[in-house]
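The structure under discussion appears below in the form of structure tokens.
Here the structure is a predicted model, which means the values were calculated and not measured. In what follows, every heavy atom counts, from backbone to side chain, and hydrogens, waters and symmetry copies are set aside.
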Amino acid sequence: MSKILTTQLSGLLQRITQNEEDAIEETARLLAQAAIGEGNVYFACFGEMQIVELNALQAVEPFSKLAPWTSDTSLTEADRVCIFTRSANDEEALVLAQKLNTQFIPFAAVASEAASVENPLADLAYTYVSTRVKGGLIPNDLGQRIVIPHALAGLFVYEAVKMAYDEMLGLDEEEL
């Protein structure tokens, strides 16, 4: 079973890399605007995607200029937000997206659905990355598909954005 899981996860990560490379780069550029200026970066994470913010704040290599997000956070025009959610139809994420849009605060979004005209979150976001998670990866004995890796895919997108972000800010050169 672990070989099947490895193969399926590898395929998912390759699909993200192949289809979302430009969106990941654009997201890093958007977030870097806050870091270069006088703003902060915030990750508004919903459901199991909260692991992304925890990792970004507590990891050995934390995300530079990231401030903890709460629903009471007061934002300025210099700040940038990245919304991480399982689904582009998540009500809490959409409320936040509409609020940010109304306040003219550019933000990125990461969710499972592909960007399209039917995707309300992608429509509101300045940049949008799809995790490409469409359901379970592996069939079980009952014919159902199990292992729905939203958090793993979100962490992969986070790491890809962070690498581009750090490069833009010259952070990868400082450690040499």
Side-chain angles (χ1 to χ4, degrees), residues 1-32 41-57 59-63 66 69 80-94 96-97 100 106-169 171-172:
M1 246 348 191
S2 62
K3 286 184 181 183
I4 294 170
L5 178 60
T6 301
T7 300
Q8 293 298 325
L9 283 173
S10 176
L12 173 65
L13 302 181
Q14 286 175 0
R15 281 192 303 279
I16 293 170
T17 300
Q18 291 170 353
N19 295 296
E20 303 298 325
E21 186 175 11
D22 290 343
I24 287 169
E25 187 82 13
E26 290 170 5
T27 298
R29 191 172 295 112
L30 176 71
L31 300 178
V41 176
Y42 295 94
F43 289 168
C45 302
F46 301 92
E48 70 263 41
M49 300 299 247
Q50 290 177 41
I51 190 67
V52 174
E53 183 183 33
L54 178 65
N55 183 64
L57 289 169
V60 172
E61 298 175 332
F63 198 91
L66 184 69
W69 167 263
R80 297 294 180 263
V81 177
C82 188
I83 297 172
F84 284 86
T85 184
R86 174 185 322 138
S87 170
N89 296 306
D90 179 287
E91 287 183 32
E92 284 183 278
L94 284 172
L96 175 59
L100 294 171
F107 70 96
V110 178
S112 61
E113 296 86 355
S116 70
V117 292
E118 293 90 34
N119 182 328
L121 191 56
D123 187 47
L124 291 167
Y126 186 83
T127 66
Y128 181 85
V129 180
S130 171
T131 61
R132 306 273 166 177
V133 175
K134 294 182 177 146
L137 297 179
I138 301 170
N140 67 9
D141 294 340
L142 302 174
Q144 301 163 324
R145 298 197 68 82
I146 58 171
V147 184
I148 306 170
H150 290 289
L152 275 170
L155 284 167
F156 179 77
V157 168
Y158 160 75
E159 292 293 350
V161 167
K162 183 180 185 310
M163 285 178 15
Y165 175 88
D166 287 351
E167 185 177 317
M168 288 173 193
L169 297 180
L171 297 176
D172 55 346

Next on the checklist: Applying salt bridge (charged side-chain N to carboxylate O under 4.0 Å, His left out) as the test, list every pair that has at least one member in residues 42-51; sequence neighbours left out.
Outcome noted: E48-R86
Checklist entry - Looking only at atom types and distance, does a side-chain atom of N55 sit under 3.5 Å from a main-chain N or O of I51, one as donor and one as acceptor? => result no
Checklist entry - Where is the tightest heavy-atom contact between P120 and A88, given as atom of each residue plus distance? => result CG-O, 3.7 Å
Next on the checklist: Would you say that L121 contacts L94 through its side chain, given a criterion of any heavy-atom pair below 4.5 Å between the two side chains?
Outcome noted: yes
Checklist entry - Which pair of non-hydrogen atoms, one from A114 and one from Y128, has the smallest distance, and what is that distance? => result C-CE2, 4.1 Å
Item to check | Point-to-point distance, once rounded to the nearest 0.5 Å, from CG of L137 to CD1 of I146 | outcome: 9.5 Å
Next on the checklist: Just so I know, are the side chains of F107 and L96 near enough to count as touching, which here means a heavy-atom distance under 4.5 Å?
Outcome noted: no
Next on the checklist: Counting C-beta onward and ignoring hydrogens, is there a side-chain heavy-atom pair between L12 and R15 closer than 4.5 Å?
Outcome noted: yes
Next on the checklist: Testing the basics here: between R80 and P106, what is the closest heavy-atom pair and its distance to 0.1 Å?
Outcome noted: CD-O, 3.4 Å
Item to check | Pairs touching residues 149-162 that satisfy salt bridge (charged side-chain N to carboxylate O under 4.0 Å, His left out), sequence neighbours left out | outcome: K162-D166
Checklist entry - Are the ring centres of Y158 and F84 closer than 6.0 Å? => result no
Item to check | Pairwise salt bridge (charged side-chain N to carboxylate O under 4.0 Å, His left out) hits with a residue in residues 111-122, at least two apart | outcome: none
Checklist entry - How far does CZ of R145 sit from CG of N140, to the nearest 0.5 angstrom? => result 9.5 Å
Next on the checklist: If you compare all heavy atoms of A122 against all heavy atoms of N119, which two are closest, and at what distance to 0.1 Å?
Outcome noted: N-OD1, 2.9 Å
Checklist entry - Quick one: does F46's side chain get under 4.5 Å of I83's, heavy atoms only? => result yes
Next on the checklist: Would you say that R132 contacts Q14 through its side chain, given a criterion of any heavy-atom pair below 4.5 Å between the two side chains?
Outcome noted: no
Next on the checklist: Among I24, L31, L30, exactly one meets side-chain contact (heavy atoms from CB on, under 4.5 Å) together with T27. Which residue is that?
Outcome noted: L31
Checklist entry - Can you find a pair of side-chain heavy atoms, one from V161 and one from V110, that are under 4.5 Å apart? => result no
Checklist entry - Around Y126, counting heavy atoms of other residues, nucleotides and ligands shown, do more than 12 lie under 6.0 Å from its OH? => result no
Checklist entry - Does a side-chain heavy-atom distance below 4.5 Å link T131 with S112? => result yes
Next on the checklist: Please give me the minimum heavy-atom distance between A97 and L124, naming the atom from each residue.
Outcome noted: CB-CD1, 3.8 Å
Item to check | Distance (rounded to the nearest 0.5 Å) between S87 OG and M49 CE | outcome: 10.5 Å
